[in-house]
Amino acid sequence: MNGRELVSSSSRHPRSPAIDANHFVLTFENNRLASELFGQFDQNLKLLEERLHIDARARGNSVSITGELVATNQARRALDFLYERLQKGGSVETSDVEGAIRMAVAADDQLTLPTLERKAKLSMAQISTRKKTIQARTPTQDAYMRALERSELVFGVGPAGTGKTYLAVAHAAQLLERGAVDKIILSRPAVEAGERLGFLPGDMKEKVDPYLRPLYDALYDMIAGDKVERAITAGVIEIAPLAFMRGRTLANAAVILDEAQNTTSMQMKMFLTRLGENSRMIITGDPSQVDLPRGVKSGLVEALQVLKGVEEISVVRFKDSDVVRHPLVGRIVKAYDAQYTVHEESEDAGHE
């Protein structure tokens with residue numbers, strides 16, 4: 001059972017005067033869960049206050065919320081969602097609170113009737129394996145996770161820290177556990193900041209592993225470590241550089257190409273045409289971080305243009321506002337994007 005609203009009345013905003021203001025008290029039946037919901041030293045409530053510009057004050061298993069009408073209803077939806085998560089045995093971390101706030105704010109964009117505003121509950125897409133359940137933390141993540149369920153070929157493009165690769169690997173692990181696919185194939189082009197495999201020490205696996213580390217990390221987060229090792233040994237999980245894909249037909253598999261912005265046009269076409277029967281293909285990358293030699297066109301950029309409008313292909317574009325790492329990462333991405341825009345505009349002006 002979610003928080004029960006005890007008081008609801010017009011009131012003044014505690015921080016700045018507002019015509020459209022609201023005040024109510026939510027009471028949660030389970031004292032222990034309410035304490036977890038509010039966070040140590042009420043840190044989760046403080047985060048609500050900072051993000052939504054409301055006043056949230058805990059007393060026992062109740063919280064008094066005051067502020068503008070829209071913001072207080074967003075706070076209520078976020079708290080109800082998080083409490084329900086705790087009731088189901090989950091935990092609530094700072095990142096979960098951030099995600100609930102983002103989704104609560106986004107939900108207002110979908111509400112057109114005033115009567116819906118107070119009744120709406122948050123509904124976030126999720127990916128579940130035996131080890132872990134992940135819920136969308138931004139509206140774009142929500143759209144991406146739904147696209148992964150719906151489409152056989154999905155492009156997830158955008159800046160670092162938005163969860164593109166992590167969610168792709170999580171979805172692949174979920175498909176494997178369901179029995180929807182027989183294997184997972186994870187790949188990356190071995191072109192990173194101008195380095196070449198031949199100059200790295202060790203055998204081929206040791207040469208390739210540094211490039212594929214983020215894929216390993218996501219796998220171990222979703223599947224028990226011993227099971228990952230056994231699956232890799234048995235060939236159920238295959239991790240290989242893009243060059244190893246040539247000449248193959250990838251059937252009954254979840255196939256992920258990460259860092260796709262570093263593919264050439266021919267490599268991307270080669271990879272796309274590997275798609276076999278009963279397979280899912282997910283391609284992730286950031287077009288703003290191409291490490292190819294100057295003058296070489298990114299296969300990802302070209303594919304997004306060539307395949308535009310092709311049925312049964314989903315393209316989900318992440319923005320700096322979707323960054324789910326440290327909040328500073330989002331601001332860094334935004335600053336760099338602005339700088340690149342200014343640079344490109346000055347170059348265009350120079351060619352006129």
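Under the 3.5 Å distance criterion, the side-chain polar atoms of Arg77 are matched with a main-chain donor or acceptor of Ala104. Without hydrogens or angle criteria, Ser151 side chain to Leu148 main chain gives no donor-acceptor distance under 3.5 Å. A donor-acceptor pair is defined here as one N or O able to donate and one able to accept, closer than 3.5 Å; such a pair exists between the side chain of Gln174 and the backbone of Ser128. Between the side chain of Gln261 and the backbone N or O of Gln289 there is at least one donor-acceptor pair closer than 3.5 Å. Using modelled atom types, one side-chain atom of Asn30 and one backbone atom of Leu33 make a donor-acceptor pair closer than 3.5 Å. A distance-only check finds no donor-acceptor pair linking the side chain of Gln267 to the backbone of Pro189 [under 3.5 Å]. Looking only at distances, a side-chain donor or acceptor of Thr72 sits under 3.5 Å from a matching main-chain atom of Glu68. Although no hydrogens or angles enter the test, the distance criterion places a donor-acceptor pair under 3.5 Å between the side chain of Thr129 and the main chain of Lys132. Although no hydrogens or angles enter the test, the distance criterion places no donor-acceptor pair under 3.5 Å between the side chain of Asn73 and the main chain of Val70. Here the side chain of Lys164 pairs a donor or acceptor atom with the backbone of Gly158 at under 3.5 angstrom.
Rounded to the nearest 0.5 angstrom, Asn61 CG and Leu37 CG are separated by 11.0 Å. Atom CD of Glu36 is separated from atom OG of Ser91 by 8.5 Å, given to the nearest 0.5 angstrom. Of the inter-residue distances, the one linking Thr162 atom OG1 with Lys319 atom NZ reads 10.5 Å to the nearest 0.5 angstrom. Rounding to the nearest 0.5 angstrom, the gap separating the CD1 atom in Ile256 from the CG atom in Leu167 is 10.0 Å. Rounded to the nearest 0.5 Å, atoms CZ (Arg59) and OG (Ser64) are 10.5 Å apart. Between the CD atom in Gln74 and the CD1 atom in Ile101 there is a gap of 9.5 Å [rounded to 0.5 Å].
The closest side-chain heavy-atom distance from Val25 to Ile65 is not below 4.5 Å. You'll find the side chain of Asn252 stays beyond 4.5 Å of the side chain of Lys183, heavy atoms only. Using a 4.5 Å heavy-atom cutoff, the side chains of Asp221 and Val169 are not in contact. Inter-residue side-chain proximity for Val316 and Phe155 is flagged as unmet; no heavy-atom pair is nearer than 4.5 Å. Tyr144 places a side-chain heavy atom less than 4.5 Å from the side chain of Thr284. Residues Phe81 and Gln135 form a side-chain contact, since some pair of their non-hydrogen atoms from C-beta on lies under 4.5 Å apart. Side-chain contact between Asn262 and Asp291 is present, with heavy atoms from C-beta onward closer than 4.5 Å. Inter-residue side-chain proximity for Leu45 and Leu79 is flagged as met; some heavy-atom pair is nearer than 4.5 Å.
A continuous path of Ile, Leu, Val, Met, Phe, Trp and Tyr side chains, each step under 4.5 Å between heavy atoms, connects Phe244 with Met268, placing both in one hydrophobic cluster. Cluster annotation: Phe271 and Met266 are assigned to distinct hydrophobic clusters (Ile/Leu/Val/Met/Phe/Trp/Tyr, side-chain heavy-atom contacts under 4.5 Å, transitive). When the side chains of ILVMFWY residues are joined at heavy-atom separations under 4.5 Å, either directly or via intervening members, Val310 and Leu272 end up in a single hydrophobic cluster.
Using the six-membered ring where Trp is involved, Tyr83 and Phe28 have ring planes that are tilted, between 30° and 60° apart.
The residues Glu149 and Arg178 are annotated as salt-bridged, a charged nitrogen and a carboxylate oxygen being separated by less than 4.0 angstrom. Between Glu98 and Arg51 a salt bridge is recorded (basic side-chain N to carboxylate O distance below 4.0 Å). A salt bridge is absent between Glu177 and Lys131: the closest approach of a Lys/Arg side-chain nitrogen to an acidic carboxylate oxygen does not fall below 4.0 angstrom. With respect to the salt-bridge test (charged N to carboxylate O, under 4.0 angstrom), the residues Arg137 and Asp96 qualify. A salt bridge is defined here as a Lys NZ or Arg NE, NH1 or NH2 lying under 4.0 Å from an Asp or Glu carboxylate O, and Glu50 with Lys46 fails to meet this definition. At a threshold of 4.0 Å, the pair Glu152-Arg280 does not count as salt-bridged, since none of the basic side-chain nitrogens sits closer than that to a carboxylate oxygen.
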Inset, instruction - Go through Arg248 and Met245 one step at a time and tell me if the side chain to side chain contact (heavy atoms under 4.5 Å, CB included) criterion holds. - result: CA-CA 6 Å; Arg248 301 177 61 184; Met245 299 295 107; 3.6 Å; yes
Inset, instruction - Starting from the C-alpha separation in whole Å, work towards a yes-or-no answer on side chain to side chain contact (heavy atoms under 4.5 Å, CB included) for Leu257 and Thr263. - result: CA-CA 10 Å; Leu257 175 61; Thr263 60; 4.0 Å; yes
Inset, instruction - Could you please spell out the steps behind the side chain to side chain contact (heavy atoms under 4.5 Å, CB included) verdict for Leu300 and Ile283? - result: CA-CA 9 Å; Leu300 174 61; Ile283 299 171; 4.2 Å; yes
Inset, instruction - Step by step, work out the side chain to side chain contact (heavy atoms under 4.5 Å, CB included) result for Asp42 and Val63. - result: CA-CA 10 Å; Asp42 295 338; Val63 56; over 6 Å; no
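For the residue pair Thr66/Asp55, the side-chain donor-acceptor check at 3.5 Å is not satisfied.
Around CZ of Arg246, the count of heavy atoms belonging to other residues, nucleotides or ligands within 6.0 Å does not exceed 12. For NZ of Lys269, the number of neighbouring non-hydrogen atoms (other residues, nucleotides, ligands) closer than 6.0 Å is 12 at most.
Across all their heavy atoms, Met270 and Arg274 have their closest contact at O-NE, 2.7 Å. When every heavy atom of Ala160 is checked against every heavy atom of Asp286, the shortest pair comes out as N-OD2, 4.0 Å. In terms of heavy atoms, Ala260 sits closest to Ser298 at O-OG, 4.3 Å. Closest non-hydrogen pair, Ala58 versus Phe38, comes out as CB-CD1, 3.8 Å. Across all their heavy atoms, Val97 and Leu47 have their closest contact at CG1-CD2, 3.7 Å. In terms of heavy atoms, Pro287 sits closest to Val301 at CB-CG2, 4.0 Å.
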